[in-house]
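The structure appears right after this line, and notes come after that.
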Amino acid sequence: MPSDMFNGVRLHYETAGSGEPIIFVHGSWTDHHSWDLVMPMMADTFKVVSFDRRGHSASEAPAGQGSIGEDVADLAAVIEALGPTPTSPATLSGR
């Protein structure tokens with residue numbers, strides 16, 4: 001079970017395949033397992049990543065209610081950790 005620190009919170013993630021990345025984000029009442037049937041099919045062509053949002057399943061649950069802003073910041077940090085891609089801020093800004 002890989003995990004890493006993103007925005008000061010340890011988030012669990014799964015990866016498979018290679019190529020352009022696709023990141024799967026689960027809904028409010030589930031976890032990364034929502035994508036268990038989809039990931040193997042997509043991994044033939046793409047690098048697929050699913051992660052547990054903060055407070056869900058194997059990811060750290062900080063005290064207090066999470067926010068949409070934290071979810072967005074965490075997703076941006078996961079994207080950034082993949083390196084420059086067509087979806088990353090570094091590529092979009094021309095860095």
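One N or O on the side chain of Ser34 and one on the backbone of Asp31 form a donor-acceptor pair closer than 3.5 Å.
Considering only residues two or more places apart in sequence or on other chains, Phe46 meets the ring pair (Phe, Tyr, Trp, His ring centres under 6.0 Å) condition with none of them. By the salt bridge (Lys or Arg N to Asp or Glu O under 4.0 Å) test, Asp74 pairs with Arg54, sequence neighbours left out.
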request  = Begin from the C-alpha positions of Glu14 and Phe51 and carry the test side chain to side chain contact (heavy atoms under 4.5 Å, CB included) through to its verdict.
outcome  = CA-CA 6 Å; Glu14 301 285 336; Phe51 70 101; over 6 Å; no

request  = Determine, stepwise, if the pair Phe24 / Val38 fulfils side chain to side chain contact (heavy atoms under 4.5 Å, CB included).
outcome  = CA-CA 9 Å; Phe24 294 106; Val38 176; 3.8 Å; yes

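The closest side-chain donor-acceptor pair between Asp52 and Ser59, if any, does not fall under 3.5 angstrom.
Looking at Ile23, Val25, Ile79 one by one, the single match for side-chain contact (heavy atoms from CB on, under 4.5 Å) with Val49 turns out to be Ile23. With His56 as reference, His26 is the one residue of His26, His12, His33, His32 to meet the ring-ring contact (aromatic ring centres under 6.0 Å, His included) rule.
Nearest heavy-atom pair, Ile22 versus Met42, reported as atom, atom and distance to 0.1 Å: CD1-CE, 3.6 Å.
Between the CG atom of Leu11 and the CG atom of Asp4 there is a distance of 8.5 Å, given to the nearest 0.5 Å. One finds the CD atom of Glu70 at 15.5 Å from the CZ atom of Phe6 (value rounded to the nearest 0.5 Å). Taking CZ of Arg10 as the start and OG of Ser3 as the end, the distance is 4.5 Å to the nearest 0.5 Å.
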